[in-house]
Amino acid sequence: MTLPIATFYYMAFASVASALLAVTRKNPVHSMLWVLVLFLHVAGIFLVLDAEFLAAVQVIVYAGAILIFYLFVLMLLDLPGEEAGPRFGNHWPFAAAVGLSFAAIAWLARIETPDPVGGGVAPAASRIAVEGPPPGNLSEIGMALFGPFALPFEMTSLILLAAIVGSVVLARRRAAGS
Amino acid sequence: MIVPVGTIVGLSAVLFGIGVFGFLARRNIILMLISVEVMLNAVNLSLAGFSRHLEDPRGQVLALFVIAVAAAEAAVGLGLLIALNRNKPGVGVADLTKLKW
């Protein structure tokens with residue numbers, strides 16, 4: 001077993017374990033910290049999969065921005081009786097069954113994906129040719145992002161703008177008398 | 001190909017199942033939203049795996065879009081949560097029965 005594969009399996013087991021801990025801990029802050037562990041391990045898996053840019057974005061955006069945002073709101077709300085009550089609803093066996101069956105179905109669906117050469121899943125014909133120094137995938141992603149994906153990329157900015165305006169409107173304190 | 005794509009998709013399936021369980025079973029809205037993030041991460045993982053397998057950068061581009069949508073979802077979801085909390089303190093889903101018929 002070579003080093004990258006051993007690394008991959010370590011990170012796979014660690015991410016499954018931290019995800020399980022995250023959804024079962026009683027203290028919400030502990031859950032958040034386990035989710036942080038999960039995100040960092042997933043970033044490591046991205047590195048093994050040669051997706052360096054995705055790994056960097058995962059650490060910066062997910063672990064750095066989104067999770068801190070969640071933690072911030074969690075501490076802002078200051079939930080006193082949160083640890084006293086039951087952590088799961090009464091229907092949790094049903095939820096476990098749904099999660100297990102979904103995981104089982106998706107596990108069974110992971111058929112041997114055919115080779116991209118002989119009858120592939122998606123046409124890999126539209127590969128973007130990159131001139132200059134080939135190593136690294138950042139230039140490939142950049143060419144794809146501003147080439148075939150230019151319109152969705154711009155639409156993403158609209159989504160983010162709508163999210164900003166929406167969250168400000170939702171969380172704003174109503175002015176007195178209006 | 002050092003890691004077979006089936007292994008990555010299987011890992012993604014397990015993580016997604018854990019996220020589904022957390023979303024359905026937890027009573028705390030913040031932890032339900034965090035479970036959604038776990039599910040989105042599982043999807044990103046399979047997208048990156050397929051991108052590696054098919055040697056096509058488009059999978060990673062889609063994963064970037066998923067991350068952007070996740071950021072938007074976190075902002076709107078937590079804004080809703082703060083607005084809810086102002087009207088009625090607490091983040092338990094069982095207490096939010098105002099819209100129940």
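Below, read A as the first sequence line, B as the second, and so on, with proteins coming before strands; counting in each chain starts at 1.
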Nearest heavy atoms of B:A70 and A:I66, plus distance in Å: C-CD1, 4.1 Å
Pair A:I45-B:L11, side chain to side chain contact (heavy atoms under 4.5 Å, CB included): steps then yes or no: CA-CA 11 Å; A:I45 294 176; B:L11 171 65; 3.6 Å; yes
Residue selection (most heavy-atom pairs with chain B, distance under 4.5 Å) from A:V42, A:D50, A:V35: A:D50
Check against side chain to side chain contact (heavy atoms under 4.5 Å, CB included), B:I30 and A:M32: CA-CA 10 Å; B:I30 298 181; A:M32 294 287 169; 3.3 Å; yes
Closest contact, heavy atoms only, B:A75 versus A:F69: CA-CE2, 3.6 Å
For A:T156 against B:A68, the heavy-atom pair lying closest together: CG2-CB, 3.3 Å
Mutual orientation of the aromatic rings belonging to B:F65 and A:F149 [parallel < 30°, tilted 30-60°, perpendicular > 60°]: tilted
Which of B:A72, B:G77, B:G22 touches chain A most, by non-hydrogen pairs under 4.5 Å: B:A72
Steps toward side chain to side chain contact (heavy atoms under 4.5 Å, CB included) verdict (B:V38, A:L38): CA-CA 8 Å; B:V38 172; A:L38 166 71; 3.7 Å; yes
Interface moiety of A:Y70 toward chain B, non-hydrogen atoms closer than 4.5 Å: both
Point-to-point distance, once rounded to the nearest 0.5 Å, from CG of B:L45 to OG of A:S15: 7.0 Å
Same apolar cluster: B:V36 and A:V73, side chain cutoff 4.5 Å: yes
Heavy-atom contact with chain B under 4.5 Å, split by part of A:P93: neither
Interatomic distance, B:Q60 atom CD to A:L54 atom CG [nearest 0.5 angstrom]: 5.5 Å
Cluster link A:V29 to A:L20, ILVMFWY, side chain under 4.5 Å: yes
Criterion side chain to side chain contact (heavy atoms under 4.5 Å, CB included) on A:L77 and B:L81, from CA distance to verdict: CA-CA 9 Å; A:L77 294 183; B:L81 189 60; 4.1 Å; yes
Shortest non-hydrogen contact between A:V16 and B:L15, atoms and distance: CA-CD2, 4.1 Å
Polar side-chain atom of B:R26 near backbone of A:V23 as donor-acceptor pair, under 3.5 Å: yes
Contact class of A:F8 relative to chain B, heavy atoms under 4.5 angstrom: side chain
Structural part of A:F94 lying under 4.5 Å from a heavy atom of chain B: neither
Under 4.5 Å from any heavy atom of chain A - which part of B:E37: both
Side-chain H-bond candidate by donor/acceptor type, A:Q58 with B:N44, under 3.5 Å: no
Winner by heavy-atom pair count (cut-off under 4.5 Å) against chain A, out of B:L40, B:I82, B:V20, B:L64: B:L64
Separation between CG of A:L49 and CG of B:L47, rounded to the nearest 0.5 Å: 11.5 Å
Leading residue by heavy atom contact count with chain A [cutoff under 4.5 Å; candidates B:L80, B:I34, B:V76]: B:I34
Distance in Å, A:F72 CZ paired with B:L78 CG, rounded so as to fall on 0.5 Å steps: 11.0 Å
Short side-chain to backbone donor-acceptor contact, B:R86 and A:R172, under 3.5 Å: yes
Rounded distance (nearest 0.5 Å) linking atom OH of A:Y62 with atom CD1 of B:I67: 6.0 Å
Interface residue of largest heavy-atom contact number with chain A, from B:A48, B:G79, B:A25, under 4.5 Å: B:A25
Choice from A:G166, A:A96, A:A104 maximising heavy atom contacts with chain B below 4.5 Å: A:A96
Closest heavy-atom pair and its distance - B:V14, A:A103: CA-CB, 4.3 Å
Single-linkage hydrophobic cluster, 4.5 Å side-chain cutoff, A:L76 and B:I29 together: yes
Verify same cluster id: A:I159, A:L145 (apolar side-chain graph, 4.5 Å): no
Pairwise distance CH2(A:W92) to CZ(B:F21) - rounded to 0.5 angstrom: 6.5 Å
Hydrophobic cluster identity match, A:V48 and A:I5, side-chain contacts under 4.5 Å: yes
Which portion of A:V169 sits near chain B, non-hydrogen atoms under 4.5 angstrom: neither
Chain B contact via A:L67 - side chain, backbone, both or neither, heavy atoms under 4.5 Å: side chain
A:A97 versus chain B, the contacting section by heavy-atom distance below 4.5 Å: neither
Chain A contact via B:L62 - side chain, backbone, both or neither, heavy atoms under 4.5 Å: side chain
